[in-house]
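By convention in this document, chain letters (A, B, ...) are assigned in the order of the sequence lines, proteins followed by strands, and residues within each chain are numbered from 1.
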Amino acid sequence: MSLSRQFHRVWQFWNMRRFWVVIVDAYVALAAFFVFIFVRGRGRGRRRGKGKGEGFQRTCVPHHFGGAKSIPVKPISNKYREERITLCDAASVLKQLLREENLNPRQPPQTNAVIQTILTYLEAGRIRKATSVLFAFPKSFPYSFYALFFRLCSSYGAIVEARKVESHLLTFSRNPPIFLLNRAIESYAKCHCLRDAHELFDEMPRRDGGTWNALITAYSQLGFPNQVFSLFLCMTRSGVCPSEVTFASVLASCGAVSQLLLSKQVHGLVTKFGFCGNVILGSSLVDVYAKCGVMIDARRMFHEIPQPNAVTWNVIVRRYLDAGDAREAVFMFSRMFSTAVQPMNFTFSNALVACSSLSALQEGMQIHGVVVKLGLQDDNVISSSLVNMYVKCDKLEDGSRVFDLLGSRDLVSWTSIVSAYAKSGKTLEARKLFDKMPERNVISWNAMLAGYVRCFEWSEALDFVYLMRNEIKYVDHVTLGLMLNVSAGISDHETGKQIHGYIYRHGFHLDIRVSNALLDMYGKCGNLNSAKIWFNQMSKWRDRVSWNALLASYGHHQLSEQALTMFSEMQWETKPSKYTFGTLLLACANTFALYHGKQIHGFIIRHGFQIDTIMRTALVYMYCKCRCLESAIEVLKGAVSRDVIIWNTIILGCCHNHRGKEALELFVMMEAEGVKPDHVTLKGILLACVEEGLVDFGTECFNSLSSKYNVLPRLEHYNCMIELYSRHGSMHELENFMRTMTIEPTLPMLERVLDACEKNEWSRLGEYITEKINAFKY
DNA sequence: ATAGGGTTAG
């Protein structure tokens, strides 16, 4: 065994530091190997060590070696794999064995036999074991074998093993080929050890383009774009020509920093080096332009690619979705089918997300058809997206059917369906499904909790939080936000403060969403002072949502004037949004501040803000509340389309302004536009009847509530009817109504009826009602 | 030999 020759050769090529690594590796390998032989020969065990999880660290070796301290190494024998050998032990054993071997030379096993053993281990997935055997064998292997090892180390993320393979390669190969060392760099990068990768890069006596690519790719994939750019500069300066691969990584980094100018320069270089026809680089350029926010250039780039592949299409669809242009995303997805390229599952999911954001049920269903036609309905990504699409298009039953037909349901599809039921207000069904889930994570718990919060079912939400606390260990920012919503919903300032403490202790307060929820909680719990203090404390990281929350809490405290003052301060820091205007208008409405309300309206118009349905509804509400019905109607008429909520707002607004006739006229217009009235609308109609004294029409409406409008009569409708008959002295109708009522009347209802009986001297009904009231009291 | 996109649930 020519250890000294190895020594010499290695010495020549590698610097001091690497030399120690190699030589120690060699020593340990030899020692381990001979111990193996030795122990096997003796057939006796040694003391057992801890062994597990102890890594052999290349960088640590010199240090330990100098101090002659114990270095844990991976033993090789199967039987004694848990043994621990210190370096001192190893050295002495080695010495002894070397002497022994000199006296009694032993043939090392044949390379082929060792390869066979290693392959057996690799097939069993035992990479550690395989590496140990490789490491212990004091002879060079074929290069392809090393390459295989590096590949496996990458996929297992086995850094220790990768280091061992590199050591072995350097020790026993006269001239390790550059490409193998490039593989080593890649392995280190895949194991997230950039230090090892860069160290090896620095120490390599010769490099090729692949070496640079390996390092650049490493920095790019681990998210260090600036290092990528400086390495790229070094590379070109040292005269190495960048290849397609180099540009792929550089472009990925350009996308990560979203810098248009830089990206354009790189684009120029790509063209200059003649890589324009490369579909991968083309797709990357599409991606980069889109990430820089220039969809027009992205689209142009897309059209320059002669044959876009599935990835290219995926990029363009996804980027349109990110840019908020869901229509174009769906359009591009449909264009894909005029080519021979089949979309990937992620592309299907992106297109379906785009459909749900557009509520484009027709298109979503067409995509569903394609999915079935291509036999992709069992793909978990696609099927979960389908469930979501149906749910977001208000087709809960269809979503649920897709879920029921699913062959294999994973955590995501379960969570999707639970969330679907929870979000559409069916918390009982959602809970049933939730309890049936085979496994849950924090997202599933949050989905269920969000359902309770959305439906204002506070006591269920509280019970659920207690359950959640016992069942899962860690909550996240969404859970905390929801818990704050619960505190805000029940105005529980104390619990809110405790959650604040938890948030602070766990560092969640730096999350803007959590800190905004906190602000909202303080505002809704009526603690304006705490809200203001917290708002000031977040001055470093607050956003416009924080401002809106603060404005809302001013509005909550009937301080519309101060809200407006805050609004002008807000504009020094951030731009208002539609929520800002909604909040301000609500504050004006609640304080009947017509002057301020008009100011806001003027501001919206002057600054050219698009008035959406929600803002328009807020304006209508404000004008109604401020008794400015004409303006309200004018705003309503300015809408391109009107939903049931804005109609309800104006109809109820008319009633509050004692203008029942207008309310009924608007109702006719609403029906003519094809908007379906709901229970609120019908309450408005009944109130209009009360205002106008339309007893017969009111009765007719009430009687056709469920038959004509598909609305179940609620308490408030009964209230309206009682008020209608009582106020207009229709005692026959009132008596008939009270005696045939299918629900149990409330005490205020009975008192109202009794009042009417007394006023109209209708004692027969009065006695009946008195009895009922007495029954109530005792 | 190496490169691009994407993670559907709250």
(request) Identify which one of Asn350(A), Asn380(A), Asp379(A) satisfies the side-chain hydrogen bond (donor to acceptor under 3.5 Å, both in side chains) criterion when paired with Asn345(A). (result) Asp379(A)
(message) Please determine whether a side-chain nitrogen of the Lys or Arg among Arg431(A) and Glu460(A) lies less than 4.0 Å from a carboxylate oxygen of the Asp or Glu.
(response) no
(request) For Ser349(A), report the nucleic acid contact type (base, sugar-phosphate, nothing); a contact means any heavy atom under 4.0 Å. (result) sugar-phosphate
(request) Using whole Å, report how far CG of Leu406(A) lies from C1' of dA9(B). (result) 14 Å
(request) Please collect all salt bridge (Lys or Arg N to Asp or Glu O under 4.0 Å) contacts where either partner lies in residues 462-475 of chain A, sequence neighbours excluded, each pair once. (result) none
(message) Which nucleotide wins on minimum distance to the side chain of Glu186(A), given the candidates dA9(B), dT2(B), dG6(B)?
(response) dT2(B)
Give the table of side-chain donor-acceptor pairs shorter than 3.5 Å for residues 263-277 of chain A, with sequence neighbours excluded, one pair per line with atom names and distance.
| unit_1 | atom_1 | unit_2 | atom_2 | d |
| --- | --- | --- | --- | --- |
| Ser263(A) | OG | Gln259(A) | O | 2.6 |
| His267(A) | ND1 | Tyr289(A) | OH | 2.7 |
| Thr271(A) | OG1 | His267(A) | O | 2.8 |

(request) For Ala450(A), report the nucleic acid contact type (base, sugar-phosphate, nothing); a contact means any heavy atom under 4.0 Å. (result) sugar-phosphate
(request) Calculate the interatomic distance between Leu352(A) atom CG and dT7(B) atom P; express it in whole Å. (result) 13 Å
(request) Among the candidates dT2(B), dT7(B), dT8(B), find the nucleotide nearest to the side-chain atoms of Arg318(A). (result) dT7(B)
(message) Using the side-chain heavy atoms of Ser419(A), tell me which of these nucleotides is nearest: dG6(B), dA9(B), dT8(B).
(response) dA9(B)
(request) Return the value, rounded to whole Å, for the distance between atom CE of Met389(A) and atom P of dA9(B). (result) 12 Å
(message) Using a 4.0 Å heavy-atom cut-off, does Val315(A) contact any base of the nucleic acid, only the sugar-phosphate backbone, or nothing at all?
(response) sugar-phosphate
(request) Could you list the residues that satisfy salt bridge (charged side-chain N to carboxylate O under 4.0 Å, His left out) with Asp287(A), not counting sequence neighbours? (result) Lys291(A), Arg319(A)
(request) Specify the separation, in whole Å, of atom CG of Leu386(A) and atom P of dT8(B). (result) 15 Å
(message) Any side-chain N or O of Asn388(A) below 4.0 angstrom from OP1/OP2 of dT8(B)?
(response) no
(message) Nearest to the Asn350(A) side chain among dA9(B), dG4(B), dT7(B), which nucleotide is it?
(response) dT7(B)
(request) Could you state the atom-to-atom distance from CG of Asp379(A) to C1' of dG6(B) in whole Å? (result) 12 Å
(message) Taking the basic N atoms (NZ, or NE/NH1/NH2) and the acidic carboxylate oxygens, is any pair closer than 4.0 Å for Glu186(A) and Arg183(A)?
(response) yes
(request) Grab the CG-C1' distance between Asn345(A) and dG6(B) for me, whole Å please. (result) 8 Å
(request) Would you kindly check whether a donor in the side chain of Asn441(A) faces an acceptor in the base of dA9(B), or vice versa, at under 3.5 angstrom? (result) yes
(request) Let me know the distance between CZ of Phe434(A) and C1' of dA9(B), rounded to the nearest Å. (result) 13 Å
(message) Classify Asn213(A) by what it touches in the nucleic acid, base, sugar-phosphate, or nothing, heavy-atom distance under 4.0 Å.
(response) base
Contacts table for residues 357-377 of chain A: side-chain donor-acceptor under 3.5 angstrom, sequence neighbours left out:
| unit_1 | atom_1 | unit_2 | atom_2 | d |
| --- | --- | --- | --- | --- |
| Ser357(A) | OG | Ala354(A) | O | 2.9 |
| His368(A) | ND1 | Tyr390(A) | OH | 2.7 |

(request) Starting from P on dT7(B), measure out to CG on Leu411(A) and report it in whole angstrom. (result) 17 Å
(request) Specify the residues of residues 272-283 of chain A, ordered by number, for which at least one heavy atom lies under 4.0 angstrom from an atom of DNA chain B. (result) Asn278(A), Val279(A), Ile280(A), Ser283(A)
(message) If you only use heavy atoms from C-beta on, which nucleotide in dA3(B), dA9(B), dT7(B) is closest to the side chain of Val245(A)?
(response) dA3(B)
(message) By nearest atom, which of the nucleotides dA3(B), dA1(B), dT8(B) is closest to the Lys190(A) side chain?
(response) dA3(B)
(request) Could you tell me which residues satisfy salt bridge (charged side-chain N to carboxylate O under 4.0 Å, His left out) with Lys524(A), sequence neighbours excluded, listed by chain and number? (result) Asp520(A)
(request) Choose from dG6(B), dA1(B), dA9(B) the nucleotide whose nearest atom is closest to any side-chain atom of Arg183(A). (result) dA1(B)
